[in-house]
Amino acid sequence: MFAPMICKPLVLLSAALFLFGTQAHTQQTGGRFRSAALFTGIGFELNQPDRYSPVYLAADLSWQFGRTPRKDFLAFYLEPQFNPVLTTRPLDIEFGCNIGLRYYQRLTPRLLLYEMIGSGPHYITAELPSQANGFIFSDNAAIGIYVQPKPDKPFFWNFQVRFRHLSNASLKRPNSGVDNINLILGLGKIR
């Protein structure tokens, strides 16, 4: 069941890489990289006997370290989130904010690959047999791409695959954690 859900987005991602990556145009950024975006997506639980699938509703802000435009660069990111969660109950929620680092590699003037790692405080309402609800930490690692469809417009698509682990650092029992694989799509603006 999980493999067909992954294959279709990967085919679309590959097509986007081919279409936009081969149509590169020279673009001067004029300064350091900054971006602001909104994204949505869905998570699929990896280890729960019960269902835990977050539906992401989040903002994404990113700022390059240093002032000189570079082909490869490190950036700080901030992600405030409010996510409905599909569980065995009618509706649960989680909310919080992730912070971390992203390493960008400009493959073409209109295509950036990135890797990221981060963490942040969250609150979950779900009552799970292996994880207590309430205050929790969201630890994330992801790989993604920014695709700029038009060279004269600062807008981009963000495609991301993310691994996420939720747990509360043994502040409350049970604390086995919740692991998700997440597929995320965003639309943003490079400033």
Side-chain angles (χ1 to χ4, degrees), residues 1-10 13 35-65 73-105 113-146 158-188:
M1 182 176 123
F2 188 66
M5 289 187 289
I6 293 289
C7 291
K8 192 172 185 179
L10 288 178
L13 181 63
S35 67
L38 296 175
F39 70 78
T40 189
I42 189 153
F44 304 95
E45 73 280 349
L46 296 176
N47 63 341
Q48 287 296 313
D50 293 326
R51 183 176 184 191
Y52 192 90
S53 297
V55 177
Y56 289 93
L57 302 171
D60 180 87
L61 305 166
S62 181
W63 300 270
Q64 174 187 343
F65 289 110
F73 56 92
L74 187 63
F76 169 79
Y77 78 88
L78 178 70
E79 282 180 355
Q81 311 176 9
F82 183 88
N83 307 323
V85 180
L86 306 173
T87 63
T88 55
R89 300 187 325 175
L91 181 65
D92 279 298
I93 61 167
E94 62 177 47
F95 58 89
C97 189
N98 291 329
I99 58 172
L101 298 173
R102 279 198 188 122
Y103 181 70
Y104 291 91
Q105 297 125 350
L113 174 70
Y114 66 87
E115 301 88 31
M116 66 180 236
I117 189 165
S119 187
H122 277 58
Y123 185 91
I124 66 171
T125 62
E127 295 178 9
L128 304 169
S130 59
Q131 182 59 57
N133 63 358
F135 178 76
I136 204 158
F137 293 98
S138 171
D139 302 321
N140 303 273
I143 186 167
I145 61 166
Y146 282 0
N158 181 6
F159 301 96
Q160 184 186 110
V161 177
R162 175 183 299 199
F163 172 77
R164 184 178 78 157
H165 173 76
L166 294 174
S167 66
N168 65 22
S170 294
L171 298 174
K172 190 175 174 184
R173 298 281 179 199
N175 186 41
S176 295
V178 178
D179 295 325
N180 292 105
I181 287 289
N182 308 278
L183 302 176
I184 293 172
L185 172 64
L187 178 62

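All values below come from the heavy atoms of this structure, side chains included, with hydrogens, waters and symmetry mates left out. Owing to the predicted nature of the structure, the values given are computational and were not obtained by experimental measurement.
The CG atom of Asp139 sits 4.0 Å away from the OG atom of Ser119 when rounded to the nearest 0.5 Å. Interatomic distance, Gln131 CD to Lys172 NZ, rounded to the nearest 0.5 Å: 9.5 Å. Between atom OG1 of residue Thr88 and atom CD of residue Glu127 there is a gap of 9.0 Å, rounded to the nearest 0.5 Å. Rounding to the nearest 0.5 Å places CZ of Arg102 at 11.0 Å from CG of Leu74. Rounded to the nearest 0.5 Å, atoms CD (Glu79) and CZ (Arg162) are 4.0 Å apart.
Under a cut-off of 6.0 angstrom, the local environment of CD1 in Ile117 is sparse, with at most 12 non-hydrogen atoms contributed by other residues, nucleotides or ligands.
In this structure a side-chain-to-backbone donor-acceptor pair under 3.5 Å is present from Asn83 to Leu57. No side-chain donor-acceptor contact under 3.5 Å links Asp179 to the backbone of Gly177. For the pair Asn180 (side chain) and Tyr52 (backbone), a donor-acceptor distance under 3.5 Å is present. A donor-acceptor pair under 3.5 Å links the side-chain atoms of Asn175 to the main chain of Asn168, judged by distance alone.
Of all non-hydrogen atoms in Phe39 and Ala59, the two that sit nearest each other are CE2-O, 4.0 Å. In terms of heavy atoms, Cys97 sits closest to His122 at N-CE1, 3.7 Å. Across all their heavy atoms, Ser35 and Tyr104 have their closest contact at OG-OH, 4.4 Å. The minimum heavy-atom distance between Ser167 and Ile136, with the atom names listed, is O-CG1, 3.1 Å. Here the closest heavy-atom approach between residue Asn182 and residue Pro54 is recorded as OD1-CG, 4.1 Å. The minimum heavy-atom distance linking Pro174 with Leu128 is given by the pair CG-O, 4.4 Å.
Ser53 pairs by the side chain to side chain donor-acceptor pair (under 3.5 Å) definition with Glu45, not counting sequence neighbours. Partners of Gln105 according to the side chain to side chain contact (heavy atoms under 4.5 Å, CB included) rule, which considers only residues two or more places apart in sequence or in another chain, are Asp72, Tyr103, Leu113, Glu115.
Donor-acceptor pairing under 3.5 Å is lacking for the side chains of Asn133 and Thr125. Side-chain atoms of Tyr56 and Gln160 include no donor-acceptor pair closer than 3.5 Å.
For the pair Leu46 and Ile181, the minimum side-chain heavy-atom distance is below 4.5 Å. Proximity of Ser62 to Tyr114: side-chain heavy atoms (C-beta onward) are nowhere separated by under 4.5 Å.
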Criterion side chain to side chain contact (heavy atoms under 4.5 Å, CB included) on Ile99 and Tyr77, from CA distance to verdict: CA-CA 6 Å; Ile99 58 172; Tyr77 78 88; 6.0 Å; no
Intermediate values then yes/no, side chain to side chain contact (heavy atoms under 4.5 Å, CB included), Ile145 and Asn158: CA-CA 6 Å; Ile145 61 166; Asn158 181 6; over 6 Å; no
